[in-house]
Engineer: 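One structure coming up, written as structure tokens, with questions to follow.
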Amino acid sequence: QVQLVESGGGLVQAGGSLRLSCAASGRTGGPYAMGWFRQAPGKEREFVAHISWSGVQTHYADSVKGRFTISRESGKNTVYLQMYRLKPEDTAVYYCAAIVWGHGSNWHEESAYDYWGQGTQVTVSS
């Protein structure tokens with residue numbers, strides 16, 4: 001089992017910044033490829049960003065490209081999501097997820113991820 005714990009969410013004004021963190025514990029191994037998803041009220045959960053196990057490759061949803069940056073501590077299962085120029089439409093619960101068993105080629109799909117955190121709320125006021 002891998003436990004993922006997110007932190008760093010909160011309330012911020014439009015145009016502001018937040019940094020989310022996700023730390024993995026439990027099963028040893030990795031580092032794992034990891035990703036961030038989000039779910040806004042009344043909407044489906046959607047892909048936000050992905051980072052490969054090495055940290056060399058990153059991918060972003062078009063809606064956050066140029067504003068969000070995913071990174072990780074080298075060799076560790078700790079990832080960050082730095083969010084800049086936040087918009088009210090970024091309001092959502094943000095989830096961290098890890099790819100432990102699969103090859104992760106479908107990194108933009110929820111089905112690629114084996115473990116999920118509980119989520120952290122991000123609210124952007126206008």
Side-chain angles (χ1 to χ4, degrees):
Q1 284 281 10
V2 174
Q3 291 79 42
L4 301 173
V5 178
E6 304 98 335
S7 60
L11 173 64
V12 64
Q13 287 189 333
S17 302
L18 276 176
R19 188 196 197 206
L20 305 183
S21 300
C22 173
S25 63
R27 173 190 169 93
T28 57
Y32 308 120
M34 299 179 75
W36 287 95
F37 286 72
R38 67 186 182 186
Q39 187 168 21
K43 294 188 177 181
E44 297 287 320
R45 188 155 58 182
E46 63 176 5
F47 168 76
V48 175
H50 162 269
I51 188 165
S52 63
W53 66 269
S54 65
V56 171
Q57 291 185 331
T58 58
H59 304 93
Y60 298 93
D62 288 343
S63 60
V64 307
K65 202 171 293 183
R67 298 189 298 121
F68 290 11
T69 301
I70 188 171
S71 61
R72 69 185 307 148
E73 290 191 28
S74 180
K76 295 184 179 181
N77 292 317
T78 301
V79 295
Y80 306 97
L81 186 68
Q82 179 68 56
M83 305 183 291
Y84 298 103
R85 302 197 307 278
L86 283 160
K87 305 175 181 180
E89 50 263 45
D90 294 318
T91 295
V93 176
Y94 283 70
Y95 298 90
C96 171
I99 300 172
V100 175
W101 307 110
H103 51 69
S105 60
N106 55 334
W107 39 261
H108 58 292
E109 298 177 353
E110 291 185 51
S111 59
Y113 297 82
D114 303 296
Y115 294 97
W116 293 81
Q118 292 298 307
T120 185
Q121 177 70 47
V122 172
T123 302
V124 184
S125 63
S126 57

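The first residue of the sequence shown is numbered 1, and numbering continues consecutively from there.
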Engineer: Quick check against the 3.5 Å criterion: does Thr91 have a side-chain atom that pairs as donor or acceptor with the backbone of Val124?
Structural biologist: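 Here the side-chain-to-backbone pair exists.
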Engineer: Using every non-hydrogen atom in the two residues, find where Cys96 and Val79 come nearest and quote the distance to one decimal.
Structural biologist: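 Residues Cys96 and Val79, closest heavy atoms: SG-CG2, 4.1 Å.
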Engineer: Nearest heavy-atom pair of Ser126 and Ala14: which atoms, and what distance?
Structural biologist: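 Shortest heavy-atom contact: CA-CB, 4.3 Å.
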Engineer: Other residues, nucleotides and ligands only: do more than 12 of their heavy atoms fall within 6.0 Å of CH2 on Trp53?
Structural biologist: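 It does not: Trp53 CH2 has 12 such atoms or fewer within range.
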Engineer: Supply the atom-to-atom distance Gln121 CD to Leu11 CG, rounded to the nearest 0.5 angstrom.
Structural biologist: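 One finds 9.5 Å between CD of Gln121 and CG of Leu11.
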Engineer: Supply the atom-to-atom distance Thr69 OG1 to Tyr84 OH, rounded to the nearest 0.5 angstrom.
Structural biologist: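 OH of Tyr84 is found 6.0 Å from OG1 of Thr69.
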Engineer: Can any side-chain N or O of Arg45 pair as donor or acceptor with the backbone N or O of Val93 at less than 3.5 Å?
Structural biologist: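 No, Arg45 side chain to Val93 backbone: no donor-acceptor pair under 3.5 Å.
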Engineer: Begin from the C-alpha positions of Trp36 and Phe68 and carry the test ring pair (Phe, Tyr, Trp, His ring centres under 6.0 Å) through to its verdict.
Structural biologist: CA-CA 11 Å; Trp36 287 95; Phe68 290 11; 9.9 Å; no
Engineer: Aromatic rings Trp107 and Phe47: how do their planes relate, parallel, tilted or perpendicular, breaks at 30° and 60°?
Structural biologist: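 Because their plane-to-plane angle lies in the 30° to 60° range, the rings of Trp107 and Phe47 count as tilted.
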Engineer: Any chain of hydrophobic side-chain contacts (each under 4.5 Å) joining Leu20 to Leu4?
Structural biologist: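 Yes, because Leu20 and Leu4 connect within a single hydrophobic cluster, where side-chain heavy atoms sit under 4.5 Å apart.
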Engineer: Mind checking the NE2-CD spacing from His108 to Glu46? Nearest 0.5 Å is all I need.
Structural biologist: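 Taking NE2 in His108 and CD in Glu46, the distance rounds to 13.0 Å.
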Engineer: Salt bridge or not for Lys87 and Asp90, using N-O below 4.0 Å?
Structural biologist: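 A salt bridge is absent here (no side-chain N lies under 4.0 Å from a carboxylate O).
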Engineer: With no hydrogens and no angle check, is any side-chain donor or acceptor of Glu6 less than 3.5 Å from a backbone partner on Cys22?
Structural biologist: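 Not at all, since once roles are kept as given, no pair shorter than 3.5 Å links the two residues.
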Engineer: Hey, any chance Val122 and Phe37 share a hydrophobic cluster, counting ILVMFWY side chains that come within less than 4.5 Å of each other, even indirectly?
Structural biologist: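 No; Phe37 is not reachable from Val122 via cluster members.
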Engineer: Do Val48 and Val12 belong together in a cluster built from hydrophobic side chains that touch within less than 4.5 Å?
Structural biologist: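 Same cluster: Val48 reaches Val12 through Ile, Leu, Val, Met, Phe, Trp or Tyr contacts under 4.5 Å.
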Engineer: Output yes when a side-chain donor or acceptor of Arg72 lies under 3.5 Å from a complementary backbone atom of Gly55, and no otherwise.
Structural biologist: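 No, the answer is negative, given that no donor and acceptor are paired below the 3.5 Å cut-off.
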Engineer: For residues Gln39 and Lys43, report the shortest heavy-atom separation together with the two atoms involved.
Structural biologist: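 Closest approach of Gln39 to Lys43, heavy atoms only: NE2-O, 3.0 Å.
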Engineer: Just how far is it from atom OG of Ser21 to atom CD of Gln82, taken to the nearest 0.5 Å?
Structural biologist: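 The OG atom of Ser21 sits 9.5 Å away from the CD atom of Gln82.
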Engineer: Will you find, in the side chains of Tyr94 and Arg38, an N or O donor that is under 3.5 Å from an N or O acceptor?
Structural biologist: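 Yes, because at least one side-chain N or O of Tyr94 sits under 3.5 Å from a partner of the opposite role on Arg38.
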Engineer: Start with the C-alpha gap between Tyr32 and Tyr115, add the side-chain angles, then the distance that decides, and say whether ring pair (Phe, Tyr, Trp, His ring centres under 6.0 Å) holds.
Structural biologist: CA-CA 11 Å; Tyr32 308 120; Tyr115 294 97; 8.0 Å; no
Engineer: Are Ser111 and Asn106 close enough, and set up right, to give a side-chain contact (heavy atoms from CB on, under 4.5 Å), and what steps lead you there?
Structural biologist: CA-CA 8 Å; Ser111 59; Asn106 55 334; 3.5 Å; yes
Engineer: Under the 3.5 angstrom rule, does the side chain of Tyr60 hit a backbone N or O of Ile70 as a donor-acceptor pair?
Structural biologist: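 It does hold such a pair.
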Engineer: Is it possible for you to say whether Ile51 and Met83 belong to one hydrophobic cluster, with membership spreading through side-chain heavy-atom contacts below 4.5 Å?
Structural biologist: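 Hydrophobic grouping puts Ile51 with Met83.
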Engineer: Drop me the distance from Met34's CE to Asn77's CG, to the nearest 0.5 angstrom.
Structural biologist: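 Spacing of CE (Met34) from CG (Asn77) equals 6.0 Å.
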